[in-house]
Amino acid sequence: MTVRPITEDDLQAFIDNALDAERHRDVSEYLLANPEAAARVSTYRTQAAVLRSAMEPVAREPVPSRLNLKTIMAARPASQRPQWFRLAAAAVLMLTVGATGGWITRGYTLPSMEGVAALAQEASASYSVFAPDRLRPVEVRFDGSENLQQFAAATLGRSAAIPDLSKSGYRLMGGRVIPTARGPGFMLMYDNDKGSRIVMLARHMTVDQDKPMVKSGKDDIRGWSWAKNGMGYSLVGSLPSEELHPIADAVRSQV
């Protein structure tokens, strides 16, 4: 049986986990054979994760009482209620859609997260997207050559460091460029060969150019972040914070 061509709609549905099992398998096989499309899908995933992470605090806010359908109906004369019911229903629909898109415009008026806090958020988003990825977790795999170091230097400059965490039980898998609202970041991924992965994200800082190490955590992702001489670093994973801390210290001692 001939497999239907993979379209852009299929790729978007793949990112959103909206495909049935058979079509998901078809797209996975297509991406394995098409590195350019796989790279594009990875970029889309990163952008979606960063946006979702940035907007999550807004999405969690309760709907203002003034936009409650009952409140709107009660505030209007009965003769006007049919018309206002339609308007109120439209407002509710807009709010529902806003959970994934419409609330974005509100974000332009909210104070954005900056400095090390923003870096920690970006690292957590990168971890949530790429750590579970068994298809293409990194762009450039570590193979013992200078390729990964050159890739890092092209993103961050010649001072880019590649920490060795083998003494902490983690081997270097490779890295990738992460687009952020504050410029390109460089992500390194490590694995302990027991199912646990950790991610380090580094980028240039315009805020918090020198910042002591601080702890971060949200849901099941925890991390330690800091900045030195204008370069920021964030190490994140699913480990308890107290287990992740000595690994972050090992990174800090090498960068």
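Of all the heavy atoms in Ser238 and Arg222, the pair that sits closest is O-NH2, 2.7 Å. Scanning all heavy atoms of the two residues, the minimum distance from Asp210 to Asn229 falls at OD1-N, 2.9 Å. What you find for Ser225 and Ser234 is that their closest heavy atoms are OG-OG, 2.7 Å. Residues Met189 and Met187 come closest through the heavy atom pair CE-CE, 3.8 Å. Gly185 and Thr155 make their closest contact through O-CG2, 4.0 Å (heavy atoms, listed as atom of the first residue, atom of the second, distance). The two residues Ala152 and Ile162 come nearest to each other via the heavy atoms CB-CD1, 3.9 Å.
In this structure, the side chains of Ile198 and Leu244 come closer than 4.5 Å at one or more pairs of heavy atoms. The shortest side-chain heavy-atom distance between Arg176 and Arg136 falls under the 4.5 Å cut-off. For the pair Leu172/Asp164, no side-chain contact is recorded, criterion being any heavy-atom separation below 4.5 Å from C-beta on.
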Worked verdict on Met213 versus Asp249 for side-chain contact (heavy atoms from CB on, under 4.5 Å)
CA-CA 9 Å; Met213 186 179 286; Asp249 281 336; 3.8 Å; yes
Output, in order, the C-alpha distance, side-chain angles, deciding distance and verdict of side-chain contact (heavy atoms from CB on, under 4.5 Å) for Leu31 and Leu11.
CA-CA 9 Å; Leu31 293 176; Leu11 297 181; 4.0 Å; yes
side-chain contact (heavy atoms from CB on, under 4.5 Å) between Phe14 and His24: does it pass, once the steps are laid out?
CA-CA 6 Å; Phe14 181 83; His24 188 278; 3.3 Å; yes
Set out, in order, the CA-CA distance, both residues' side-chain angles and the distance that settles side chain to side chain donor-acceptor pair (under 3.5 Å) for Tyr170 and Ser196, then state yes or no.
CA-CA 9 Å; Tyr170 283 83; Ser196 176; 2.9 Å; yes
For the pair Thr7 and Asp9, evaluate side chain to side chain donor-acceptor pair (under 3.5 Å) and give the outcome as yes or no after the intermediate values.
CA-CA 5 Å; Thr7 67; Asp9 287 344; 4.8 Å; no
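In the hydrophobic clustering of ILVMFWY residues, with side-chain heavy atoms under 4.5 Å counting as a link, Val199 and Phe130 come out together. Leu188 and Val129 are not part of a single hydrophobic cluster, where members link through side-chain heavy atoms under 4.5 Å apart. Leu165 and Trp226 fall within a single hydrophobic cluster, where Ile, Leu, Val, Met, Phe, Trp and Tyr are joined by side-chain heavy atoms under 4.5 Å apart, directly or via other members. Both Val140 and Leu156 belong to a single network of hydrophobic side chains, linked directly or stepwise wherever heavy atoms of I, L, V, M, F, W or Y lie under 4.5 Å apart. Val138 and Tyr127 fall within a single hydrophobic cluster, where Ile, Leu, Val, Met, Phe, Trp and Tyr are joined by side-chain heavy atoms under 4.5 Å apart, directly or via other members.
If you check the side chains of Asn147 and Ser145, you find a donor sitting under 3.5 Å from an acceptor.
Classified by interplanar angle (parallel below 30°, tilted 30° to 60°, perpendicular above 60°), the ring pair Phe186/Phe151 is perpendicular.
Note that the CG atom of Asp133 and the OG atom of Ser128 stand 11.5 Å from one another [nearest 0.5 Å]. Put simply, CG on Leu32 and CG on Leu135 are 4.5 Å apart, with the number rounded to the nearest 0.5 Å. Atoms CZ and CE, from Arg141 and Met173 in turn, are 5.0 Å apart once rounded to the nearest 0.5 Å. Remark: Leu119 CG to Met231 CE distance equals 10.5 Å, nearest 0.5 Å. Between the OG atom of Ser124 and the CG atom of Asp220 there is a distance of 11.5 Å, given to the nearest 0.5 Å.
Between the side chain of Asn34 and the main chain of Tyr30, a donor-acceptor pair closer than 3.5 Å is present. Checking side-chain atoms of Arg203 against main-chain N and O of Pro184 turns up no donor-acceptor pair under 3.5 Å. Distance alone, capped at 3.5 Å, places no donor-acceptor pair between the Asp191 side chain and the Arg171 backbone. Using a distance-only test at 3.5 Å, with no hydrogens or angles considered, no donor-acceptor pair links the side chain of Glu243 to the main chain of Leu239. Not a single donor-acceptor pair under 3.5 Å links the side chain of Glu122 to the backbone N or O of Arg182. Panel note: side chain Trp224, backbone Tyr233; no donor-acceptor pair is recorded below 3.5 Å. Side chain of Gln209 to main chain of Lys228: no donor-acceptor pair is present (N/O by atom type, distance under 3.5 Å, no hydrogens or angles).
We find that Arg23 and Asp20 are not joined by a salt bridge, their nearest charged nitrogen and carboxylate oxygen being 4.0 Å or further apart.
Around the CG atom of Asp193, the shell of radius 6.0 Å holds more than 12 heavy atoms that belong to other residues, nucleotides or ligands. Atom CD of Glu146 is surrounded by 12 or fewer heavy atoms from other residues, nucleotides or ligands within 6.0 Å.
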